[in-house]
Every structure is written in C-alpha cells, then in structure tokens.
Protein chains: 2
Amino acid sequence: MNAKQPPAKKAPSSRPAGVVTLEQVAEAAGVSPSTVSRILNGTAAVSQAKKDAVQAAIRDLGFQPNPVARGLAGGRTLSIGVVTQIISSPFYGEALLGIERELERAGYVPLFVSGNWHEDDERKAIEALLSRRVDGIIVLAGRLSNEKLVQLTTGLPTVVVGRQLAGPKLYSFGFDNRLGARLATQHLIEQGHRRIAFIAGDLLHDDAVERQDGYLDAMAAAGLPVDPDLMVQSDFTAAGGMLAVSRLLERTVSFTAMFVSNDEMAMGACLGLHRRNLRVPDDVSLVGFDDVVMARYTMPPLTTVRQSVYEIGSEAATAMLAMLNGGTPKAQLQTPELVVRESTRRLLR
Amino acid sequence: MNAKQPPAKKAPSSRPAGVVTLEQVAEAAGVSPSTVSRILNGTAAVSQAKKDAVQAAIRDLGFQPNPVARGLAGGRTLSIGVVTQIISSPFYGEALLGIERELERAGYVPLFVSGNWHEDDERKAIEALLSRRVDGIIVLAGRLSNEKLVQLTTGLPTVVVGRQLAGPKLYSFGFDNRLGARLATQHLIEQGHRRIAFIAGDLLHDDAVERQDGYLDAMAAAGLPVDPDLMVQSDFTAAGGMLAVSRLLERTVSFTAMFVSNDEMAMGACLGLHRRNLRVPDDVSLVGFDDVVMARYTMPPLTTVRQSVYEIGSEAATAMLAMLNGGTPKAQLQTPELVVRESTRRLLR
DNA sequence: TTGTATGCGTTATCAC
DNA sequence: GTGATAACGCATACAA
C-alpha cells in the first residue's frame with residue numbers, strides 16, 4: 001500500500017444519482033474499461049464470454065454511456081445541428097419532425113437553431129452549432145451565400161436542402177420547384193385561364209426564383225404574354241400574401257387566376273381577395289405551393305403543389321447518417337405533384 | 001531538456017481546424033489556464049492586468065469555449081431539454097421560438113424532443129435528455145403522470161407548462177384555460193346564442209378538461225341547459241375537428257354556435273360545416289382557442305381566445321434561467337383575452 | 001484478444 | 001491573486 005495519502009476523490013459532484021459509469025460496468029463484469037468501450041462501439045473483436053458478462057452488467061446496472069464524455073474523448077457528440085429559418089412555420093415544423101424521427105433511430109439528437117431568414121443570424125446559428133461540436137449540419141434553405149456556407153462548415157459533414165452546391169463532405173439536394181410551379185401554372189391554363197397573376201416569395205431565395213421561373217416557363221409554353229403588372233413579390237408569410245393582393249389590385253389589372261408561391265401566402269391572398277369581394281374560386285382561381293397540412297382545411301381547400309416536407313426532412317437526415325457512416329448519400333429527389341382541391345375552377349366565359 | 005522522448009501527442013484528431021483551446025489562450029496571455037477559466041466564469045477575482053491580457057488573447061485567437069469539455073468538467077452543458085408534443089404543430093412551434101430566443105440570450109441551447117402525445121415516447125424523450133446531461137428540462141404539457149414526471153426529473157431544474165404540480169427544483173405554471181373558455185362561451189351567449197355546441201380536445205389532457213369546464217361554467221352561469229348531445233370529444237387536430245362536426249350533425253341536434261377547443265380543430269370544423277352547407281358565421285358562429293397565427297387568415301378570420309404562445313415559451317425559458325441562477329421564478333400568468341374577428345355574429349332570430 | 005496509459009478541454013481543489 | 005494538478009467519463013494507441 002502506498003504511504004502517500006491518495007488524494008481525496010473529487011466529491012461525486014453533480015453526477016445525478018443512480019448514474020452508472022463505464023468504469024463501474026467494467027468492474028462489475030470483471031473486465032477493463034477498454035473492453036467495455038470496445039463492445040459498446042464494436043471497435044474490435046471481443047470474446048463472447050466477456051461480451052456476455054459486460055452486456056449483463058450493462059443491463060443490471062442500467063448503464064447509459066455519457067454522450068458528453070463521448071464527445072470529448074471521441075470527438076463525436078452524436079448530435080446534428082439543424083439550421084432552420086423559422087422554427088414556428090408549419091413548413092419547417094414538418095421537416096424538423098422528419099429529421100428528428102430519422103436521427104433518433106440512429107441515436108443522434110438534432111439541435112435546432114433558427115436563422116430567421118437573416119444572413120447574420122444564420123451565421124451565428126452555424127457558429128453556435130460548431131462550438132457545440134455537432135457531428136454534422138443540416139441546412140434548410142437559408143440566406144447565407146454558398147461560399148460562406150461552404151467556408152463555415154468545411155470539414156464537417158453537411159447536408160444542404162433546397163440549394164445545389166458541391167464540396168467535400170457536402171451533400172445537397174433540392175426539390176424541383178421549377179417543375180412544381182410549371183405544373184401549377186399549367187393547371188390554371190388548362191382550366192382556361194389566361195390572365196394569371198403570380199405572387200413570388202422572397203426572391204433573395206432560390207426557391208422563390210425557381211418557382212417564378214416555373215411560372216414564366218408555363219406561360220411562355222402556352223404562348224401567353226407575361227404582364228409584369230401581374231407579378232408581385234412578397235415574403236412567404238400569410239400577411240405578405242394579403243398585402244400582395246392589395247398591391248396587385250391597386251394596379252387595376254384584371255386576372256381570373258393566381259398562382260401563389262406558398263400555401264401560407266395563398267391563405268393570406270385568399271383573405272385579401274375576399275376583402276375586395278373577389279371569391280375563390282368563383283372569381284379567382286388560386287393555387288398554392290407546398291401542401292402544408294392546413295391546405296386541406298382552408299376555405300375552400302387549397303389546390304397546391306405537393307412536396308412532402310416530412311420526407312424532405314427525413315431524406316436529409318438519412319443522407320446525413322450515410323455520410324457519417326462513410327457512405328455516399330444518394331439523391332432521392334421527389335417529383336412534385338399537383339393536388340387539385342377546390343380553390344381552382346374552369347374559367348367559364 | 002528532458003532526455004526522455006515525450007510521448008507523441010495524439011494526432012490532433014478531429015478537432016476542427018482553427019479551433020483554439022483555453023490552454024492556448026493562457027499561453028498567449030502568459031497566464032495559467034486556471035486564470036483564464038476564472039475570468040471566463042467570474043469564479044474568482046483576477047487582477048485587471050491579466051484580465052486585459054487574457055481578453056485580448058481571446059479576441060486575437062478567436063477563442064470559443066468548448067461546451068462539451070465544459071459539460072464534462074463542470075457538470076453544466078449549457079443546454080436545456082425541451083419536451084414538446086408535436087414539434088410540427090403551429091401551436092408548439094411558436095412556443096419553441098419563444099424558448100429558443102430567450103435561452104439564446106443566456107448562452108443556452110434548447111434540445112427539442114417530441115413526446116407525440118404518447119406516454120412512452122415522452123418518457124424516452126426525457127431519458128434521452130437526461131443522458132445528454134441537460135442542465136434543465138422544460139416540459140410543455142404532455143401525458144406523463146405527475147408522479148412519473150417528478151420522479152424522472154428529480155434533482156434537475158424543471159419547468160412544467162400547462163400543469164400545476166409542486167416539487168423541489170420544480171416550477172410549473174399554466175394558462176387560465178377555464179377562464180378563456182368561459183370568455184369564449186360568454187361571448188356567444190351575449191350574441192344571443194343559446195344552443196351552443198362544444199368540441200372538446202383530447203380529454204386525457206388537462207387543458208382540454210379545463211376548457212370544457214369553462215364552457216360548462218358559462219352555460220350554467222347563464223342558466224342555459226347543457227345538452228350532452230351538443231358536446232363531442234376530439235383530438236386537437238384539424239382532421240379531428242372536421243370529424244367532430246360530422247358526428248355532431250349525425251345526431252340531428254340543432255345549434256347556432258360552436259365553441260371549439262383549439263384553432264386547428266376550429267378550422268377543420270369550419271370546413272366540416274361548409275360541407276353540410278352551414279355557413280360561418282351566417283348559420284353557425286364559431287369560436288376557437290389559442291389565437292394561432294393562422295387564425296387571423298382563415299375564412300372567415302376566426303374569433304378566438306388569445307394566449308400568447310410565444311410568451312408562454314419565453315416565460316418558461318425565463319423561469320428556467322432564474323432557477324439555474326439560484327433564484328426563484330415568479331409566476332407571470334397571462335390572462336386570456338377574447339379576440340373577436342369575423343367567425344361570430346349576433347343571432348338574429 | 002485484452003489491459004494499461006494517456007488525452008480530449010475544461011472546471012475545481014488545493015497549496016502557495 | 002495565482003498556478004499546479006487532479007478529476008469529469010470515455011475512446012484509443014500501444015504494449016502485452
């Protein structure tokens with residue numbers, strides 16, 4: 001025995017009662033901590049006997065590895081940063097759900113941060129995630145320039161949704177907004193509409209631009225003139241949609257249909273039209289975009305372009321997990337689909 | 001110089017490039033790591049000179065403390081677990097935003113997990129948070145029995161929203177659902193309605209029960225008989241609201257107004273009524289609950305009971321921070337407020 | 001196949 | 001005031 005007094009062990013401190021450490025498991029199983037670790041991570045082959053003993057000990061003691069310590073030691077935190085824009089929007093909410101569910105299955109936890117459609121907030125959000133040592137970052141759309149984004153996240157596995165950009169450890173996939181918008185506009189054209197107004201989202205945003213392009217495509221393909229007075233820019237919010245309708249009507253242009261770049265704006269637009277005594281779909285046919293859950297329950301139920309936001313989220317998570325496991329994620333781009341409900345009708349005149 | 005070869009330092013491993021450690025700051029400032037730590041945490045007095053030097057070094061090197069290491073060493077992870085039910089619901093989304101914003105100001109990060117209105121999921125969610133060593137847990141409503149909740153979170157600062165329960169390190173506050181429901185029902189009564197239907201939320205849930213009680217209160221206070229046939233139970237979703245209307249109408253009861261326990265169900269109910277050729281508010285006046293953002297943009301805009309979900313979230317976060325700082329959070333219960341829009345009107349007959 | 005030793009970046013305890 | 005030094009709980013390089 002050593003004559004020197006062993007230094008008093010640091011008080012058990014804040015470790016919650018009943019929390020078992022790997023070391024205790026090792027002791028109980030009669031093996032070394034490293035062996036336990038190996039079994040836990042499948043890092044190396046271990047004899048079946050010890051494996052059994054350890055697993056029994058783990059069960060008996062109710063051991064749960066401490067992710068914090070794991071993070072420090074192994075450099076993995078088992079957490080994935082998710083940069084969303086407005087966590088409270090119905091659109092993002094569903095995507096987050098998809099991400100959460102998928103990550104959970106692999107033992108990862110998402111860390112959600114909001115960028116608020118603001119470049120600076122977004123940068124800060126990403127920096128916060130980096131400082132938390134997340135194992136990867138999923139970015140849903142956003143304002144940050146591609147260069148800055150790539151620069152900020154270099155080295156870290158990154159999945160970007162809604163933009164196309166390449167880089168090492170970087171995977172991006174989008175949604176065919178342009179095709180979706182074309183489908184929406186075509187639908188209106190097929191119903192006999194010729195004067196079709198368009199409400200754009202925030203054009204600083206790729207999605208918004210692509211949807212606008214789709215609208216223009218369809219108009220051109222049908223040989224319809226595009227009247228700039230029929231186009232308004234807005235911001236993807238319901239309030240913005242309502243405002244956009246006001247601006248449109250102030251121009252005293254006439255139109256019989258309207259394609260709105262997302263469902264929330266479409267709801268606002270619907271109310272805006274109503275305020276001017278224009279009925280949907282009797283006076284104006286209306287098409288939205290996204291097929292948010294609520295689109296099914298608006299009055300009237302909204303014709304819109306379906307993109308499964310939930311699936312987009314889970315796809316992103318799947319891609320992330322694939323990268324983390326050293327694999328290569330594969331694109332699984334959904335094709336947009338028009339969902340015809342009751343906000344559109346054939347032009348009778 | 002030591003003759004003994006210093007053991008090759010472990011390869012810089014996974015530490016992201018350009019990441020500075022506290023030790024490097026200490027070296028640059030010519031002080032010991034402890035001193036840097038003290039300055040960072042205000043743990044002890046430090047001479048102004050060193051303080052300046054360290055702060056300069058921190059700035060120059062762009063040092064950011066590693067929360068993971070902090071978590072291991074100090075037992076604090078600067079993260080707060082948030083148990084929500086459905087992250088994608090508009091209701092919870094806003095609350096989460098409030099929480100996120102408020103925590104961010106104090107350098108904390110929320111970890112969101114969903115309980116899915118399911119006792120088992122909720123337990124697992126909380127366990128996941130515990131294993132992550134969050135510094136505290138905020139629970140938004142939920143299914144877990146009070147006892148289990150208290151048991152699960154013992155020791156950890158906990159804020160529970162939407163339930164009343166006491167305990168050490170436990171703070172709970174709610175919203176006066178009963179009063180809110182009374183206000184809603186009274187409004188309808190004042191408008192001359194006597195046959196007022198009621199759609200309840202999931203009655204396993206306190207909120208739902210309280211809102212139902214409020215409805216009953218108001219009816220009783222006005223001396224109106226409560227017809228059980230006018231009451232249906234549902235589940236707080238739009239789909240459920242629509243279904244509830246069907247069930248109600250199958251009973252061939254008559255009513256001129258309807259109080260629905262939340263806005264999402266109200267939207268579903270509105271559509272359900274429309275399907276049966278009942279117009280809101282011409283044939284049926286409709287009141288919702290929550291004043292979700294979209295309530296302003298439904299057709300017609302929904303009369304509802306306002307509870308600032310965002311504020312509830314930030315209140316919860318504020319309470320959490322107060323507990324973490326050793327203080328005692330104080331109740332700041334908002335009073336519900338009726339927002340009259342266009343889904344209700346005076347009964348003319 | 002297994003154990004020992006060391007380090008991850010920080011805080012906390014102690015002695016000076 | 002300040003600086004060594006020992007944890008925190010785990011993963012891993014290396015030796016056995």
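Quick note on labels: first sequence line is chain A, next is B, and so on, each numbered from 1.
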Between [atom2] of [N] and [atom1] of [X], the distance in whole Å:
| X | N | atom1 | atom2 | answer |
| --- | --- | --- | --- | --- |
| A/Asn41 | D/dT12 | CG | C1' | 10 Å |
| B/Arg70 | C/dA12 | CZ | P | 10 Å |
| B/Gln24 | C/dG9 | CD | P | 8 Å |
| B/Leu22 | C/dC8 | CG | P | 13 Å |
| A/Glu23 | D/dG9 | CD | P | 9 Å |
| A/Arg132 | C/dT10 | CZ | C1' | 14 Å |
| B/Phe63 | C/dT10 | CZ | P | 4 Å |
| B/Leu61 | C/dG9 | CG | P | 14 Å |

| task | Look at all strands and tell whether A/Pro65 reaches a base, only sugar-phosphate, or nothing, counting heavy atoms closer than 4.0 Å. | result | sugar-phosphate

| query | How is A/Ser37 classified with respect to the nucleic acid when contacts are heavy atoms under 4.0 Å: base, sugar-phosphate, or nothing? | reply | base

[atom1] of [X] to [atom2] of [Y]: how many Å apart, nearest 0.5 Å?
| X | Y | atom1 | atom2 | value |
| --- | --- | --- | --- | --- |
| A/Leu111 | A/Ile138 | CG | CD1 | 11.5 Å |
| A/Thr84 | A/Trp117 | OG1 | CH2 | 8.0 Å |
| B/Glu23 | B/Ser32 | CD | OG | 10.5 Å |
| B/Ser314 | B/Leu97 | OG | CG | 9.5 Å |

| task | Could you check which residues of residues 52-60 of chain B get a heavy atom under 4.0 Å from DNA chain D? Sort them by number, please. | result | none

| task | Take B/Arg123 and B/Glu119, measure what salt bridge (charged side-chain N to carboxylate O under 4.0 Å, His left out) needs, and give me the verdict at the end. | result | CA-CA 6 Å; B/Arg123 195 178 37 67; B/Glu119 175 166 346; over 6 Å; no

| query | Taking both distances under 3.5 Å as the test for a Watson-Crick or G-U pair, what stems of at least three pairs does DNA chain D have? | reply | C:1-16 with D:1-16

| said: For A/Val83 and A/Leu129: C-alpha separation, side-chain torsions, deciding distance, then whether side chain to side chain contact (heavy atoms under 4.5 Å, CB included) applies. | reply: CA-CA 9 Å; A/Val83 181; A/Leu129 292 175; 3.8 Å; yes

| query | Is there a side-chain polar atom (N or O) of A/Lys51 under 4.0 Å from OP1 or OP2 of C/dT1? | reply | no

| message | Should the side chain of B/Arg38 and the base of D/dG3 be counted as holding a donor-acceptor pair, with the cut-off at 3.5 Å? | response | yes

| query | Does the base of C/dT11 carry an N or O that pairs as donor and acceptor with the side chain of B/Ser34 under 3.5 Å? | reply | no

The side chain of [X] lies closest to which of these nucleotides: [options]?
| X | options | result |
| --- | --- | --- |
| A/Leu72 | C/dC8, C/dG3, D/dC10 | C/dC8 |
| B/Ala73 | C/dG9, D/dA11, C/dA12 | C/dG9 |
| A/Ser47 | C/dC8, C/dT2, D/dA11 | C/dT2 |
| A/Ser32 | C/dT10, C/dC8, C/dG3 | C/dG3 |

May I ask you to decide if [Y]'s main-chain N or O and [X]'s side chain share a donor-acceptor pair within less than 3.5 Å?
| X | Y | answer |
| --- | --- | --- |
| B/Asn66 | B/Val68 | yes |
| A/Asp135 | A/Leu78 | yes |
| A/Tyr171 | A/Lys330 | yes |
| B/Gln24 | B/Thr21 | yes |

| field | A/Arg101, A/Glu104, A/Glu100 screened by side chain to side chain contact (heavy atoms under 4.5 Å, CB included) with B/Ser114, the one that passes | value | A/Glu100

| query | Are a donor atom and an acceptor atom from the side chains of B/Ser37 and B/Ser34 found within less than 3.5 Å of each other? | reply | no

| request: Residues of residues 103-111 of chain A with any non-hydrogen atom less than 4.0 angstrom from an atom of DNA chain C: list those, numerically ordered, please. | output: none

